[in-house]
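Here's the structure we're looking at; comments come further down.
Keep in mind that the numbers below use all heavy atoms, side chains included, and drop hydrogens, waters and symmetry copies. By convention here, the first residue in the shown sequence is residue 1.
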Amino acid sequence: MDPITNPFSPGAGAPPPELVGRDSLLEQARILLGRVKQKRPEKSLLLTGLRGVGKTVLLNEIERMAKKDGYQSILLEAHEEKPLGELIFPALRSLLYDLDRVAGAGDKVKRGLAVLRSFIGSIKLTVNDVALGLDIEPAKGTADSGDLEIDLPNLFVAVAEAAEERKTAVAILIDEIQYLSKKELGALIMAMHKMQQKQLPLVLLAAGLPVLPGMAGESKSYAERLFNFPDIGALSESDAAKALRDPAQAAGVEFQDDALKEVFCLTHGYPYFLQEWAYQSWNMAAASPITLKIVQDATPEVMRRLDKNFFRVRFDRLTPGEKNFLRAMAYLGPDSHRTGDIAATLGTTVKGIGPVRSKLIKKGMIYSPAHGDMAFTVPLFDQFMIRAIPEFKQ
């Protein structure tokens with residue numbers, strides 16, 4: 001079949017042809033956006049889930065919903081080595097300039113720009129050794145203390161008041177939010193606390209790995225009263241079948257039932273893997289229908305692509321000691337494992353593996369689903385580790 005007309009789209013954040021199994025989450029986001037726009041209190045959303053479950057796709061869809069509802073929006077991706085101030089400043093500058101260009105823009109927009117100028121002065125923001133700034137006088141005494149937990153809430157108040165003056169609302173969306181430091185996450189939480197207290201039209205929607213609820217709770221004990229943490233998991237077998245069958249049918253192609261069942265068994269319902277298997281199966285098929293044999297024939301190519309593009313990029317960031325830790329987890333099986341069992345497999349103590357475990361958590365490779373347990377953040381990574389390091393000695 002023609003690969004150009006292939007409806008499936010494996011890729012980081014690439015929208016699937018059929019967004020299924022997420023209706024309740026999108027309805028929750030719709031209600032949140034509607035209430036915040038009317039300055040009614042509502043918990044912001046911090047989406048959590050393993051890699052490949054479609055968190056980025058959902059953030060993009062929620063941003064689309066926000067824009068349709070009249071929001072000014074900014075969508076950011078956090079980085080391990082990029083401070084929050086450096087990340088958020090260019091987007092807020094563009095947003096405030098857009099508000100300033102609106103006919104009749106008032107004092108609150110001008111003040112928002114002045115507060116942003118104070119904020120960047122306090123953090124001495126530079127990119128590639130070039131200082132960034134605004135050609136405007138700072139609002140002295142506001143957002144210029146140098147303490148992010150004081151300055152960011154004041155900055156958000158100024159931005160939200162500017163939006164309120166222009167009869168609009170602001171949606172700040174942050175992907176990979178687990179990469180923020182404890183201080184930065186705490187500042188965001190405090191800023192959103194201020195939004196609720198003042199009933200201002202600014203909402204935070206973010207996505208991160210399953211460590212996020214614990215990080216938020218450790219940063220500020222009241223985080224659970226400000227945020228909902230919906231868990232974005234794998235799709236059910238019926239939703240997985242719909243995600244493949246409906247786009248194929250729209251293109252005049254059928255998936256046989258046993259082929260759909262095989263794809264579900266291979267992918268465990270994880271959306272990224274569903275798209276990859278469907279994409280390769282389509283390209284492998286000479287004509288409709290896509291059969292069980294076609295799926296089986298496509299599987300080696302899928303595994304090769306996953307190993308090269310999805311798993312390997314994470315594997316190559318690891319030190320030998322970190323690879324050995326993960327190989328020990330894979331030796332124990334695909335589920336979560338007690339830290340003591342991992343240590344025993346490595347022939348050491350829980351204390352002895354502590355530093356490596358901490359680094360792997362920081363890199364987003366593992367997380368703790370329960371006290372004393374460790375699990376992979378990347379679905380099917382245990383199988384990849386066995387392929388990457390076939391020989392493993394206890």
Are side-chain heavy atoms of [X] and [Y] found at a separation under 4.5 Å?
X	Y	answer
Pro41	Gln199	yes
Val203	Leu32	yes
Asp107	Arg111	no
Pro7	Trp282	yes
Gln72	Arg166	no
Gln275	Ser9	yes
Leu45	Leu47	yes
Val36	Leu202	no

Worksheet item: Checking side chain to side chain contact (heavy atoms under 4.5 Å, CB included) against Leu205, which of Leu58, Asp175, Ile177, Leu173 comes through?
Response: Leu173
Item to complete: Test Phe156 against every option in Met192, Lys198, Lys194 by the side chain to side chain contact (heavy atoms under 4.5 Å, CB included) rule and name the one that passes.
Response: Met192
With the 4.5 Å side-chain cut-off for hydrophobic clustering, are [X] and [Y] part of the same group?
X	Y	answer
Phe264	Met284	no
Ile88	Ile150	no
Ile342	Leu318	yes
Val302	Leu292	no
Ile31	Leu26	no

For residues 373-390, dump all side-chain donor-acceptor pairs below 3.5 Å to protein atoms at least two apart in sequence or in another chain.
unit_1, atom_1, unit_2, atom_2, d
Asp373, OD1, Arg338, NH1, 2.8
Thr377, OG1, Gly364, O, 2.5
Thr377, OG1, Met365, O, 3.2
Arg387, NE, Asp307, OD1, 3.4
Arg387, NE, Asp307, OD2, 3.0
Arg387, NH2, Asp307, OD1, 2.6

Main chain of [Y], side chain of [X]: is a donor-acceptor contact present, judged purely on distance under 3.5 Å?
X	Y	value
Glu165	Lys108	yes
Thr168	Tyr71	no
Ser336	Ala370	no
Ser118	Ala114	yes

Answer yes when [X] and [Y] have at least one side-chain N-carboxylate O distance shorter than 4.0 Å, and no when they do not.
X	Y	answer
Arg317	Glu80	yes
Lys220	Glu149	yes
Glu322	Lys363	yes
Glu42	Arg35	yes
Lys55	Glu176	no
Glu276	Arg305	yes

Can you list, pair by pair, the side-chain donor-acceptor contacts under 3.5 Å of residues 230-242, counting residues two or more places apart and other chains?
unit_1, atom_1, unit_2, atom_2, d
Ser236, OG, Ser238, OG, 3.2
Ser236, OG, Asp239, N, 3.2
Ser236, OG, Asp239, OD2, 3.4
Glu237, OE2, Lys261, NZ, 3.1
Lys242, NZ, Asp246, OD2, 2.6

Discussion item. Please evaluate residues Val159 and Leu96 with respect to the criterion side chain to side chain contact (heavy atoms under 4.5 Å, CB included), reporting the C-alpha separation (whole Å), side-chain torsions for both, the decisive distance (0.1 Å), and the verdict.
Written reply: CA-CA 7 Å; Val159 171; Leu96 287 167; 4.2 Å; yes
Please report the shortest heavy-atom distance between [X] and [Y], naming the atom on each side.
X	Y	result
Leu244	Ala278	CD2-CB, 3.6 Å
Met215	Leu180	CE-O, 3.8 Å
Tyr272	Pro10	CE1-C, 4.2 Å
Val53	Pro271	O-CG, 3.4 Å
Gly340	Val350	CA-CG2, 3.7 Å
Gly352	Pro355	O-CD, 3.8 Å

Practice prompt. Test side chain to side chain donor-acceptor pair (under 3.5 Å) on Trp277 and Thr299 and set out the steps.
Written response: CA-CA 7 Å; Trp277 253 277; Thr299 293; 3.0 Å; yes
Worksheet item: Under the salt bridge (charged side-chain N to carboxylate O under 4.0 Å, His left out) criterion, do Lys183 and Asp147 qualify, and how do the steps go?
Response: CA-CA 10 Å; Lys183 180 83 169 179; Asp147 185 337; 3.2 Å; yes
Worksheet entry | Val157/Met195 under side chain to side chain contact (heavy atoms under 4.5 Å, CB included): CA gap, chis, key distance, verdict | CA-CA 7 Å; Val157 166; Met195 294 302 97; 3.7 Å; yes
Worksheet item: Are a donor atom and an acceptor atom from the side chains of Asn154 and Thr142 found within less than 3.5 Å of each other?
Response: no
Worksheet item: Parallel, tilted or perpendicular: which fits the ring planes of Phe8 and Phe255, with parallel below 30° and perpendicular above 60°?
Response: perpendicular
Discussion item. Quick check for you: to the nearest 0.5 Å, what is the distance between Asn283 atom CG and Ile4 atom CD1?
Written reply: 10.5 Å
Practice prompt. Please step through side chain to side chain donor-acceptor pair (under 3.5 Å) for the pair Glu254 and Ser288, ending with a clear verdict.
Written response: CA-CA 6 Å; Glu254 294 292 327; Ser288 180; over 6 Å; no
